[in-house]
Structure formats: structure tokens, C-alpha cells
Amino acid sequence: MKKSSEIKENTFLKGIVDGIPICLGYFSVAFAFGIFTVSNGLTSLEALLISMTNVTSAGQLAAVPIIVSGGTLFELAASQFVINLRYALMSITLSQKLDESISLFDRLIIAFVNTDEVFAVASSKNEVGKKYMFGLILTPWLGWSAGTIVGAVAGNILPPLLISALGVAIYGMFIAIVIPPAKEDKHVLFCVIIAIILSCIFRFVPLLSKIQSGFVIIICGVLASALAAALFPIEAEKEEQNEI
């Protein structure tokens with residue numbers, strides 16, 4: 001039998017408590033996304049529905065220009081696949097931590113809100129149950145959805161100058177994510193620089209500038225990462241075996 005302390009660790013309430021810091025962080029980012037969405041011409045309800053059914057900041061930020069410009073469903077799906085591919089790897093890893101009693105349907109629900117932060121918290125546990133995971137994903141989902149609708153409503157009533165200033169906040173978040181690893185690892189910096197150069201080429205070269213934004217994201221992301229992987233492959237660690 002499990003100890004009482006271990007049982008408490010896997011309760012729904014414990015998941016709720018562990019998810020509150022994530023919820024608060026998501027609220028501020030989603031607020032900026034809500035403003036960004038309505039400033040691009042979508043309604044507050046549309047912004048809310050996007051956040052409630054996606055929960056992916058980078059994917060949603062890339063999706064809005066595609067939707068507004070009338071991009072194809074293939075373009076939208078392909079861009080989301082490339083941007084959110086890491087979640088598949090994270091879900092595979094997290095599945096090793098889940099209790100065996102968790103059904104396939106439960107796993108699909110958990111995977112829906114298996115964000116970077118949720119994954120980090122859940123991965124720190126030895127084993128997690130269904131109740132804990134449902135509590136852990138509920139608060140971040142609520143924070144992400146609430147932040148979006150509050151930001152979207154604010155975007156409709158705040159002065160244009162203030163909206164413009166707040167609209168760049170979500171870009172600042174991604175810059176803050178990229179800079180620390182780029183400063184520590186020159187290979188990451190190289191990949192970032194290549195992506196920037198490619199993005200500028202697609203923006204300013206007349207013929208290439210006609211390509212839809214969704215495909216530009218896919219091309220730049222794939223080319224930059226592929227080039228970095230080819231030039232700086234990660235060598236497998238060789239374990240030394242001492243034979244007596």
C-alpha cells in the first residue's frame with residue numbers, strides 16, 4: 001500500500017495547487033495574445049475559442065496571421081504540426097510517469113494540455129495518477145482561457161496607443177525564451193541567426209515575400225534546424241566499461 005503522504009501527492013487538489021503558478025504565468029501571456037488577436041481583426045469570442053481548443057502560445061501566434069489572411073487549412077495544419085511537434089515527444093516521455101490505471105481516453109485529455117510547464121512539473125514526480133494530472137492541467141487551462149478573453153475585451157476598449165504597446169508583449173516573451181539558451185550555447189545562437197536571416201529573405205525578396213506566412217514559418221524553422229543539426233550533430237556519449 002502507498003503511504004498517506006504519497007496518496008496526498010496524487011490527489012486532484014494537489015494538482016490544482018501545483019498548477020496555480022503555471023496558471024498565473026499563462027494569464028499574463030494569454031492577455032497579450034488576446035490583445036494581439038483582436039488587433040488583427042478577430043473577435044473576442046474567436047480569440048477565446050482559439051485558446052480553449054489549442055493551449056499553445058507559439059502555435060496560436062502563428063495561426064492568427066494565417067487565419068486573417070485567408071490561408072488554407074493545409075497551411076494552418078502544417079504550421080501547427082511543425083511548431084507543436086515537440087509536444088509529441090514530451091507526451092511520450094510523460095507517459096512513462098503515468099499510472100497504469102490511466103486509460104487511453106484519459107491520456108488524450110492530459111496530452112491536450114501537456115505544455116512545457118505542465119510537463120516539467122509532472123516529470124519531477126516519480127509517478128502521477130489521473131486525479132493529480134487532471135488537477136494540474138485544469139488551472140493552467142483556465143488561466144490561459146481567462147487571460148485571453150480579458151486581453152481580447154481590453155483590446156476593444158483600451159486606447160490604440162496602449163494596445164499597440166501591449167501587443168508586442170507576446171513577442172517579448174518569445175525573445176526572453178530564446179536569449180538565455182542562445183547566450184549559453186553557440187549552436188542555438190547559430191540556429192536563431194539562420195532563422196532570422198531566412199525570415200528576412202522571405203520578407204524583403206519580392207518573389208519570396210508572396211509566400212503565405214504559415215509556409216514561411218515552416219520553411220524557416222525546418223531549414224534552420226536541419227542546417228544546425230547537420231553542422232553540429234549531438235554525439236552519443238560513449239560509456240566506458242572497465243573490465244576486471
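- Looking only at side-chain heavy atoms (C-beta outward), Leu227 and Leu223 stay at 4.5 Å or farther from each other.
- Sequence neighbours left out, not one pair with a member in residues 50-85 passes ring-ring contact (aromatic ring centres under 6.0 Å, His included).
- Looking only at distances, a side-chain donor or acceptor of Ser209 sits under 3.5 Å from a matching main-chain atom of Pro206.
- In terms of modelled atom types and a separation under 3.5 Å, the side chain of Trp144 and the main chain of Met52 share no donor-acceptor contact.
- Not counting sequence neighbours, Arg203 has no partner by the salt bridge (charged side-chain N to carboxylate O under 4.0 Å, His left out) test.
- Checked against side-chain contact (heavy atoms from CB on, under 4.5 Å), Val82 has the following partners two or more places apart in sequence or in another chain: Ile218, Val222.
- In this view, Phe190 and Phe232 satisfy the ring-ring contact (aromatic ring centres under 6.0 Å, His included) rule, not counting sequence neighbours.
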For residues 100-114, please give each side-chain donor-acceptor pair under 3.5 Å, one per line with the distance, not counting sequence neighbours.
| from | atom 1 | to | atom 2 | distance (Å) |
| --- | --- | --- | --- | --- |
| Ser101 | OG | Asp99 | OD1 | 2.5 |
| Ser103 | OG | Asp106 | N | 3.3 |
| Ser103 | OG | Asp106 | OD2 | 3.0 |
| Asp106 | OD2 | Ser103 | N | 3.4 |
| Arg107 | NE | Ile102 | O | 3.4 |
| Asn114 | ND2 | Ser91 | OG | 3.1 |

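- In terms of modelled atom types and a separation under 3.5 Å, the side chain of Lys97 and the main chain of Ser123 share a donor-acceptor contact.
- When side chains are defined from C-beta on, Asp18 counts as touching Lys125, because their heavy atoms get closer than 4.5 Å.
- For residues 20-38, every residue pair satisfying the side chain to side chain donor-acceptor pair (under 3.5 Å) rule, not counting sequence neighbours, is listed here: Tyr26-Thr115, Tyr26-Glu117.
- The shortest distance between side-chain heavy atoms of Met133 and Leu94 falls below 4.5 Å.
- Without hydrogens or angle criteria, Ser95 side chain to Ile92 main chain gives a donor-acceptor distance under 3.5 Å.
- Minimum interatomic distance between Thr148 and Ser51 (heavy atoms only, all atoms of both residues): OG1-OG, 2.6 Å.
- By the side-chain contact (heavy atoms from CB on, under 4.5 Å) test, Val150 is found to be paired with Phe27, Phe31, residues two or more places apart in sequence or in another chain being considered.
- Judged as a side-chain contact (heavy atoms from CB on, under 4.5 Å), and not counting sequence neighbours, the contacts of Ile83 are Ala58, Ala62, Ile217.
- Hydrophobic cluster membership for Leu45: Leu49 (Ile, Leu, Val, Met, Phe, Trp, Tyr linked by side-chain heavy atoms under 4.5 Å, directly or transitively).
- Within the 4.5 Å cutoff, no side-chain heavy atoms of Thr93 are placed close to those of Met90.
- Contact annotation: the side chain of Ile22 never approaches that of Thr139 to less than 4.5 Å [non-hydrogen atoms, C-beta and beyond].
- Between Leu76 and Ala63 the shortest heavy-atom distance is CD1-CB, 3.6 Å.
- Asp185 meets the salt bridge (charged side-chain N to carboxylate O under 4.0 Å, His left out) test with no other residue; sequence neighbours excluded.
- Judged as a side-chain contact (heavy atoms from CB on, under 4.5 Å), and not counting sequence neighbours, the contacts of Phe12 are Ile16, Lys131, Phe134, Leu138.
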Legend entry - Audit row: Leu198, Ile219, side-chain contact (heavy atoms from CB on, under 4.5 Å) steps and yes/no: CA-CA 9 Å; Leu198 290 173; Ile219 295 171; over 6 Å; no

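- Considering only heavy atoms from C-beta on, Thr43 stays 4.5 Å or farther from Val38 through its side chain.
- Among residue pairs with one or both ends in residues 215-227, none qualify as salt bridge (Lys or Arg N to Asp or Glu O under 4.0 Å); sequence neighbours excluded.
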